[in-house]
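This structure is a prediction, so every number in the text was calculated from the model and none was measured. Protein chains get the first letters and strands the later ones, always in sequence-line order, with residue 1 at the start of each. When reading the values below, keep in mind they use all heavy atoms of this one structure, side chains included, and skip hydrogens, waters and symmetry mates.
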2 protein chains.
Amino acid sequence: MPEKKWDRPDGVAAPTSERLSLVLRGLRALEAQGVHTVSSFQLAERFGLNPAQIRKDLAQFGEFGVRGVGYRVPALKAKLKELMGLERTRAVVIVGAGNLGQALADSRNFNVDGFKVAALYDIDGRKIGGKSRTGVPILDLATLPDASGTLKADIGVIAVPAEAALEAARILAGSGVPAILNFAPISVPAADGVFVRNVDLTFFLENLSFQLAVRRR
Amino acid sequence: MPEKKWDRPDGVAAPTSERLSLVLRGLRALEAQGVHTVSSFQLAERFGLNPAQIRKDLAQFGEFGVRGVGYRVPALKAKLKELMGLERTRAVVIVGAGNLGQALADSRNFNVDGFKVAALYDIDGRKIGGKSRTGVPILDLATLPDASGTLKADIGVIAVPAEAALEAARILAGSGVPAILNFAPISVPAADGVFVRNVDLTFFLENLSFQLAVRRR
DNA sequence: TGCTGTGAAACCGTTCACAGCT
DNA sequence: AGCTGTGAACGGTTTCACAGCA
């Protein structure tokens, strides 16, 4: 059993991805301010990172900077968006129209540049046919596989109870959704070539409790 | 600039904490099944981890196992709960009674063994005085500092828009809340001796998009 | 001069392999 | 024999330091 690198079948290291997300945010802000050029030092300072690290992160993908000058803000921003697959809008579908699913669908965190929440899916007949507060339609989960031809979701979010999570993952993978973000408190395996990111909210609470308990000594 | 280890002022490494959370879950399940003894191999297999890693994680805190036998399930479970500060129930307060805050307050992920969501705080007069679906009271954010004497919250969750996040953090830290879980898309700094964990939901989407973009080549 | 791109060093977490206890 | 606890090897990421180009 070669154990396929388990959870995050990384093509890109998670910390790198996180830093480049920050850098992209910084570039958006700088562009809005009309700044043309930025150095790795300025970017690093803004987020408390190491400048060399930012340069290394970028260098993995090409040579984007100008020696002695820094990076051209609009050019780097465009290149980064392309790199991160954000040059076009990614369609997101959420399985589970409970409190969490609907909150995510309407959340500003999920309705940002580059992403569009296309639909919520549920099995509860009372919810199906409705809409979330911001107007995301709630559809019958049974129709997800059919819709996959027309809808072409890029990311499937799992926001159902633990018992239903594996089935949700199976349906998403079976419908050709290539990436899954799972909020249920069980690890869903990365079938086929599907990227899975498990986000267990309970872990965050337990981690903080742990830190508090360890500190007191 | 010594740069105070930035985001996670770790006393415990994040991966260790995550694995021990898993182990604790495993122990709960095993105890429910009446299993008395478990080896690091059995625990590791259950979660796709390395047995030595689990032993090392535990060994940091003492010698809990019995050579040739394994670990006693009830004893290890008790010891782990104590270690992780879960021997008593931790009070959680959530700042921001919007969709996300209320969803978290009512979520099964937040209402687990060891945690109790005591209150939601908001500044919207129309929400104050109300309750979430499961009955968590929505209180006036201005009264949080006063309540800190009686309430003694262990963990403060920030579920407000980005613009309000720093102020929310300031109020929590000022009220003596020793740990913060921040869901707003800006990094809140770890003031004083306050533990901060930033969870940026946008990063998860961007990371998946990144993985998809990199794979296609 | 100034800042990028990058080899080399340092650091940290993971995995291996085995000594030691039951 | 079986399994823990742990030193040693390994691998990946971060940081340093500097060569090279504008």
Side-chain angles (χ1 to χ4, degrees), chain A residues 1-20 22-23 26-27 30 35-73 75-76 79-80 83 207, chain B residues 1-20 22-23 26-27 30 35-73 75-76 79-80 83 207:
Chain A
M1 206 187 307
E3 197 59 68
K4 207 187 176 184
K5 200 64 183 285
W6 182 61
D7 211 23
R8 13 181 159 148
D10 277 55
V12 185
T16 295
S17 166
E18 209 165 289
R19 284 189 297 268
L20 291 185
L22 284 171
V23 168
L27 293 171
L30 289 167
V35 177
H36 283 145
T37 265
V38 68
S39 72
S40 61
F41 292 82
Q42 295 170 303
L43 285 168
E45 187 172 49
R46 182 179 277 249
F47 301 112
L49 303 173
N50 180 303
Q53 203 161 43
I54 292 181
R55 296 201 297 279
K56 273 244 159 83
D57 288 337
L58 292 170
Q60 289 179 55
F61 304 101
E63 304 206 354
F64 306 128
V66 184
R67 290 169 199 238
V69 176
Y71 300 89
R72 309 289 181 192
V73 172
L76 183 58
K79 198 72 198 168
L80 254 192
L83 250 177
N207 182 11
Chain B
M1 204 190 308
E3 198 59 71
K4 206 188 174 181
K5 202 64 183 287
W6 183 59
D7 210 23
R8 9 179 164 150
D10 276 59
V12 186
T16 295
S17 166
E18 209 164 289
R19 285 189 298 267
L20 291 185
L22 284 171
V23 168
L27 292 171
L30 288 167
V35 177
H36 283 145
T37 266
V38 67
S39 72
S40 61
F41 292 82
Q42 294 169 304
L43 284 168
E45 187 172 49
R46 182 179 274 248
F47 301 112
L49 302 172
N50 180 304
Q53 204 161 43
I54 292 180
R55 296 200 299 276
K56 273 245 159 80
D57 287 338
L58 292 170
Q60 289 180 55
F61 303 101
E63 304 207 353
F64 306 128
V66 183
R67 290 171 198 236
V69 177
Y71 300 89
R72 309 290 180 190
V73 172
L76 183 59
K79 198 74 199 166
L80 254 190
L83 250 177
N207 181 14

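The stretch residues 63-72 of chain B participates, sequence neighbours left out, in no salt bridge (charged side-chain N to carboxylate O under 4.0 Å, His left out) pair at all.
For A:S39, the side-chain contact (heavy atoms from CB on, under 4.5 Å) partners two or more places apart in sequence, or in a different chain, are A:F41, A:Q42. Partners of B:R55 by salt bridge (charged side-chain N to carboxylate O under 4.0 Å, His left out), not counting sequence neighbours: none found. For B:K56, the salt bridge (charged side-chain N to carboxylate O under 4.0 Å, His left out) test picks out no residue, with sequence neighbours left out.
Dashed line: the shortest gap from a side-chain N or O of A:Y71 to OP1 or OP2 of C:dG5 is under 4.0 Å.
Checking A:V23, A:V69, A:V73 one by one against A:V38, the side-chain contact (heavy atoms from CB on, under 4.5 Å) holds for a single residue, A:V73.
The minimum heavy-atom distance between A:A44 and A:N50, with the atom names listed, is CB-C, 3.9 Å. Minimum heavy-atom separation, B:F64 to B:L58: CE1-O, 3.6 Å.
Rounded to a whole Å, the CZ atom of A:R19 is 8 Å from the C1' atom of D:dT13. Rounded to whole Å, the distance from CG on B:L76 to C1' on D:dC3 is 14 Å.
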Q. What does nucleotides 15-22 of chain D look like as a protein-contact string, B for base, S for sugar-phosphate only, - for none, at under 4.0 angstrom between heavy atoms?
A. BBB--BBS
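The line from CG of B:L80 to CG of B:L27 is 6.0 Å long, rounded to the nearest 0.5 Å. Note that CG of B:L30 and OH of B:Y71 are 14.0 Å apart. Values are rounded to the nearest 0.5 Å.
Rounded to 10°, the angle separating the first-five-pair axis and the last-five-pair axis of the helix from C:dT1-D:dA22 to C:dT22-D:dA1 equals 10°.
For the segment residues 38-46 of chain B, the set of residues with a heavy atom within less than 4.0 Å of an atom of DNA chain C is empty.
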